[in-house]
Amino acid sequence: MSKIVKLEDLEFVEFISAHRIYERIVEMSKDINRDFANKKITILVVMNGAFMFAADLVRFLEFESELHFIRVKSYKGMSSTGKASLELPSDLNLEGKDVLVIEDIVDTGHTMNKVFELLAQMQPKSVKLAAFLSKDECREVDVQIDYLAFNIPDRFVVGYGLDYNGLGRCFKDIYQLRPFVK
Ligand code: IMP
């Protein structure tokens, strides 16, 4: 029997188990460790959605790193014309640094596209992206994801940091919106 959770008016059904997430994160961390061996990396965790993924991923990372939390503030939605700004720690200096951004999900790609644009203004040496989920089929602008846990179909998901109206972030599994049955 699939696990089902109810958030406000919607029902969600279990889609990716905590065990599968754990296995994938261990695999991913090996790729990241290989690419960043002997480097010093500045990790930027995009809040709030990426908090659980980041917490699980970083404990497997073996290179020297500093970690900061950032937040994307968007105005007029996240369309291609929408404006965005980053909330960053006041003392953050990315000039000449190798940066790894950790994000929860890339959907249309507009959010990450803007994040990369804004980070580039801080003149880092390199910026790579580790995303927990991607909905490739929803992409409207190109985003290079260097490390990806799962590509998923175009259906709303919650859990493992992702929310619906602020709810559902704390579930350890990922749940998918249950199709409406008459
Ligand atoms: P994008 O700008 O369309 O790529 O959207 C990225 C942001 O939309 C993510 O950081 C999430 O906050 C949110 N988002 C997109 N799809 C989902 C989903 O299925 N569940 C929860 N949040 C989502």
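We count ligands from 1, going down the list as the structure has it; atoms in each ligand are counted the same way.
- Ligand 1 has at least one atom lying under 4.0 Å from a heavy atom of E103.
- Between V157 and ligand 1, a contact under 3.5 Å exists for at least one N or O pair.
- Ring geometry for F132 against F53 counts as tilted: the plane angle lies between 30° and 60°, on a 0 to 90° scale.
- Using a 4.0 Å cut-off to heavy atoms of T111, the atoms of ligand 1 that qualify are 1 (P), 2 (O), 5 (O), 6 (C).
- Between Y164 and F12, the ring planes are tilted. Angles from 30° to 60° get that label.
- Every atom of ligand 1 with a heavy atom of K135 under 4.0 Å away is listed here by number and element: 16 (N), 17 (C), 18 (C), 19 (O).
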Show me the side-chain donor-acceptor pairs of residues 14-21 shorter than 3.5 Å, one per line, residues at least two apart or across chains.
| residue | atom | partner | partner atom | Å |
| --- | --- | --- | --- | --- |
| S17 | OG | R20 | N | 3.1 |
| H19 | NE2 | E23 | OE2 | 3.0 |
| R20 | NH1 | E23 | OE1 | 3.1 |

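- Of the listed residues (N113, I105, D104, V143), the one carrying the non-hydrogen atom nearest atom 14 (N) of ligand 1 is I105.
- Residue-ligand proximity, L162 to ligand 1, at heavy-atom distances under 4.0 Å covers atoms 20 (N), 21 (C), 22 (N).
- Note: an N/O pair closer than 3.5 Å links G109 and ligand 1 by distance alone.
- Between G49 and ligand 1 there is no heavy-atom distance shorter than 4.0 Å.
- Of the possible donor and acceptor atoms, none in the side chain of N165 sits under 3.5 Å from a partner among the backbone N and O of L167.
- Selection from V158, I152, T108 by nearest heavy atom to atom 1 (P) of ligand 1 gives T108.
- Ion pairing between D142 and R139 fails under the 4.0 Å rule for side-chain N and carboxylate O.
- A side-chain donor-acceptor contact under 3.5 Å links N33 to the backbone of F60.
- Atoms of ligand 1 found under 4.0 Å from any heavy atom of D163, numbered from 1 in the order shown, are 21 (C).
- Under the salt bridge (Lys or Arg N to Asp or Glu O under 4.0 Å) criterion, D35 pairs with no residue, sequence neighbours left out.
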